[in-house]
Protein chains: 2
Amino acid sequence: MKVLIVEDDPLHRSYLHEAVNAALPECNTVIEAENGTVGEKLARDHKSAHIVMDLQMASRNGIEAARTIWKERPETRILFWSNYSDEAYVRGVSRIVPDGAAYGYVLKSASDERLRLALRSIFIESQCVIDREVRGLQQKSLGQTNGFTDSEYEILVDIALGLTDRAIAKRRGLSLRSVQNRLQQLYDKLDVYQSAGDDHEDGRFNLRARAVTVAFLRKLLNYSALERAEAELQEWLDGK
Amino acid sequence: MKVLIVEDDPLHRSYLHEAVNAALPECNTVIEAENGTVGEKLARDHKSAHIVMDLQMASRNGIEAARTIWKERPETRILFWSNYSDEAYVRGVSRIVPDGAAYGYVLKSASDERLRLALRSIFIESQCVIDREVRGLQQKSLGQTNGFTDSEYEILVDIALGLTDRAIAKRRGLSLRSVQNRLQQLYDKLDVYQSAGDDHEDGRFNLRARAVTVAFLRKLLNYSALERAEAELQEWLDGK
DNA sequence: CAACAAGCTGCGGGTTTACGCAAGACGGCG
DNA sequence: CGCCGTCTTGCGTAAACCCGCAGCTTGTTG
């Protein structure tokens with residue numbers, strides 16, 4: 001068995017290397033990549049079937065890399081190993097995982113034992129392993145209870161990108177009014193409203209900007225989500 | 001000599017511990033804190049004069065912690081050791097460093113030797129050491145060439161928080177029109193404008209939202225900057 | 001001191017947002 | 001099939017936003 005490690009940080013990389021060796025005696029080769037771009041290339045060259053991947057890397061982040069890798073070989077098993085469990089990451093990952101693929105999401109703060117188990121479960125048993133903390137988010141985000149619908153999330157991203165209502169309408173094939181309806185829903189769920197709760201006309205918010213900030217603070221959005229969305233937007237703009 | 005290490009990540013923490021021992025034979029005690037809150041407390045209890053601090057920690061980020069520490073003992077020497085050199089961080093740090101204090105900003109990607117030198121320069125020689133990559137940003141951000149004035153940055157933060165023009169005017173003691181003037185300047189510098197460069201009325205942007213996103217993508221803003229700004233805003237709202 | 005650049009402010013108007021009201025459209029369910 | 005909830009769309013309005021024009025207050029400089 002061959003394992004590919006994709007991870008920015010040299011310290012974490014060598015830690016992972018050791019962890020893989022310890023957890024998987026059946027593994028005879030470990031390859032390392034220090035960013036997403038190299039990771040993709042190595043995965044292709046080696047036809048890697050077992051990958052441990054960091055999210056959040058400078059050059060090309062884990063989600064991007066995983067997407068292209070899975071596009072080429074959907075049966076690849078990927079363990080995401082991340083510092084954070086932002087809802088934006090969780091949502092991003094679950095949107096790209098192919099049907100029936102075995103994957104995992106483990107936090108860097110997890111114990112050695114937890115990492116060991118995850119490695120064996122995913123790579124040997126083809127099971128999915130999702131950290132408890134992450135799992136909670138995932139359910140909240142997929143189930144609609146207190147979570148966001150896809151359409152709400154979509155419009156959140158659109159205003160975050162700075163599109164006007166009209167532009168969103170065009171992009172999503174909706175009428176102006178529908179876009180504004182969805183915005184209303186969004187404001188509602190994010191609990192943003194004009195006045196800061198004061199008596200008379202004072203601390204007012206610009207709802208559209210406020211919504212984006214609140215989403216950021218709640219980790220519904222993060223840098224990498226923005227980055228991806230921006231790339232998609234540019235693509236769409238080019239394709240007119 | 002006693003050195004306090006404030007750092008989230010256990011791997012990085014122990015790496016730092018070793019690095020400090022290797023670089024500073026005159027150091028006889030090393031204390032560790034795993035987040036900003038604990039860091040502040042330990043700094044106070046031990047009257048630490050030499051601190052190595054991570055920015056970006058979950059519980060209380062490095063800038064916050066450094067600020068309160070410096071407020072209590074401005075002669076404390078702090079070496080910031082960070083993964084990133086976002087302009088937001090650089091700006092944040094240089095805003096809190098007391099006059100004449102010795103501090104440093106070194107990236108985690110720096111070599112062992114560089115870290116060693118920085119440790120000795122700051123803790124022994126009381127010199128400031130700023131990584132080259134960081135230095136570049138700092139000059140750009142302070143000098144006005146292609147950089148942002150404080151007032152521009154201020155208004156950027158204000159719209160990022162989601163305040164209306166009127167609210168900003170009240171908060172900053174300006175007239176409505178002045179606020180809008182500054183916004184204009186900001187849009188200009190960020191190079192955001194309505195049409196996406198197309199011929200007729202099409203891909204339009206909401207300038208205010210777009211500006212925030214562009215700033216984010218350019219690392220002028222980041223999560224921690226937003227977090228701080230939000231806290232300040234709440235403070236201001238409470239103080240009416 | 002005159003001249004000039006830079007920032008603050010009011011006026012005015014064209015556009016975009018936020019949102020209530022109400023009329024269809026679609027899908028499930030007893 | 002009729003009832004009902006959810007989603008979409010149009011109309012209309014008050015507020016907020018973007019921004020050109022022009023008069024003022026400053027601080028700077030020759």
Side-chain angles (χ1 to χ4, degrees), chain A residues 143-145 147-156 158-198 200-215, chain B residues 143-145 147-156 158-198 200-215:
Chain A
Q144 64 280 53
T145 322
F148 291 72
T149 343
D150 283 343
S151 65
E152 282 157 1
Y153 190 73
E154 201 176 61
I155 207 161
L156 170 61
D158 283 339
I159 59 169
L161 286 173
L163 295 173
T164 60
D165 293 3
R166 197 194 312 284
I168 299 174
K170 201 161 293 182
R171 174 136 117 115
R172 305 298 181 188
L174 293 172
S175 76
L176 224 186
R177 192 60 180 88
S178 294
V179 170
Q180 296 175 329
N181 269 341
R182 294 193 176 180
L183 279 176
Q184 226 95 289
Q185 268 177 266
L186 183 68
Y187 297 154
D188 203 40
K189 281 216 183 158
L190 284 174
D191 196 40
V192 298
Y193 40 93
Q194 311 248 53
S195 88
D198 261 345
H200 46 291
E201 57 110 347
D202 201 51
R204 290 176 110 76
F205 283 120
N206 175 315
L207 295 187
R208 151 183 300 251
R210 183 67 184 163
V212 174
T213 306
V214 169
Chain B
Q144 65 280 53
T145 321
F148 291 72
T149 344
D150 284 342
S151 65
E152 283 157 0
Y153 189 73
E154 201 176 61
I155 207 162
L156 169 62
D158 283 340
I159 59 169
L161 286 173
L163 295 173
T164 60
D165 293 2
R166 197 193 311 282
I168 298 174
K170 201 161 294 182
R171 171 131 115 118
R172 306 298 181 186
L174 292 171
S175 75
L176 225 187
R177 191 59 180 89
S178 293
V179 170
Q180 296 175 330
N181 270 342
R182 292 193 176 181
L183 279 176
Q184 227 95 289
Q185 266 177 267
L186 183 68
Y187 297 153
D188 202 41
K189 282 219 184 157
L190 284 174
D191 196 39
V192 298
Y193 40 93
Q194 311 248 53
S195 89
D198 261 344
H200 46 290
E201 58 109 348
D202 201 51
R204 290 176 111 74
F205 283 120
N206 176 316
L207 295 188
R208 142 180 309 246
R210 183 67 184 164
V212 174
T213 305
V214 169

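The sequence lines fix the lettering, A, B, ..., with proteins before strands; numbering per chain opens at 1.
In this structure, CG in Asp165(B) is found 5.0 Å from CD in Gln180(B), a value given to the nearest 0.5 Å. We find the CD-CG distance between Glu154(B) and Leu156(B) to be 10.5 Å, quoted to the nearest 0.5 Å. Residue Ile155(B) holds its CD1 atom at 8.0 Å from OH of Tyr187(B), rounded to the nearest 0.5 Å. Note that the CG atom of Leu207(B) and the CD atom of Gln194(B) stand 4.5 Å from one another [nearest 0.5 Å]. Atoms CG and CG, on Asn181(A) and Leu186(A) in that order, are 12.5 Å from each other to the nearest 0.5 Å. In this structure, OG1 on Thr164(A) lies 9.0 Å from CZ on Phe205(B), to the nearest 0.5 angstrom.
Considering only residues two or more places apart in sequence or on other chains, Glu152(B) meets the side-chain hydrogen bond (donor to acceptor under 3.5 Å, both in side chains) condition with Thr149(B), Gln185(B), Lys189(B). Partners of Ser151(B) under the side-chain hydrogen bond (donor to acceptor under 3.5 Å, both in side chains) rule, at least two apart in sequence or in another chain, do not exist in this structure. Remark: Asp158(B) pairs with Arg171(B), Arg172(B) by the salt bridge (Lys or Arg N to Asp or Glu O under 4.0 Å) rule, at least two apart or across chains. Every residue was checked against the side-chain hydrogen bond (donor to acceptor under 3.5 Å, both in side chains) condition with Asn206(A), not counting sequence neighbours, and none meets it.
Taken residue by residue, residues 172-181 of chain A places heavy atoms nearer than 4.0 Å to DNA chain D at Leu174(A), Ser175(A), Arg177(A), Ser178(A), Asn181(A).
Nucleotides of DNA chain D with any atom under 4.0 Å from a heavy atom of chain B span, from 5' to 3', dA16(D) to dC21(D). On the nucleic acid side, DNA chain C contacts chain B at distances under 4.0 Å to non-hydrogen atoms, with the end points of that region at dC8(C) to dT17(C).
Arg210(B) places a side-chain N or O within donor-acceptor distance of the main-chain N or O of Leu161(A), the cut-off being under 3.5 Å.
Nearest heavy atoms, Gly162(A) versus Ala209(B): CA-CB, 3.8 Å.
Remark on the helix from dC1(C)-dG30(D) to dG30(C)-dC1(D): inter-end axis angle 20°, axes from five-pair C1' superpositions, rounded to 10°.
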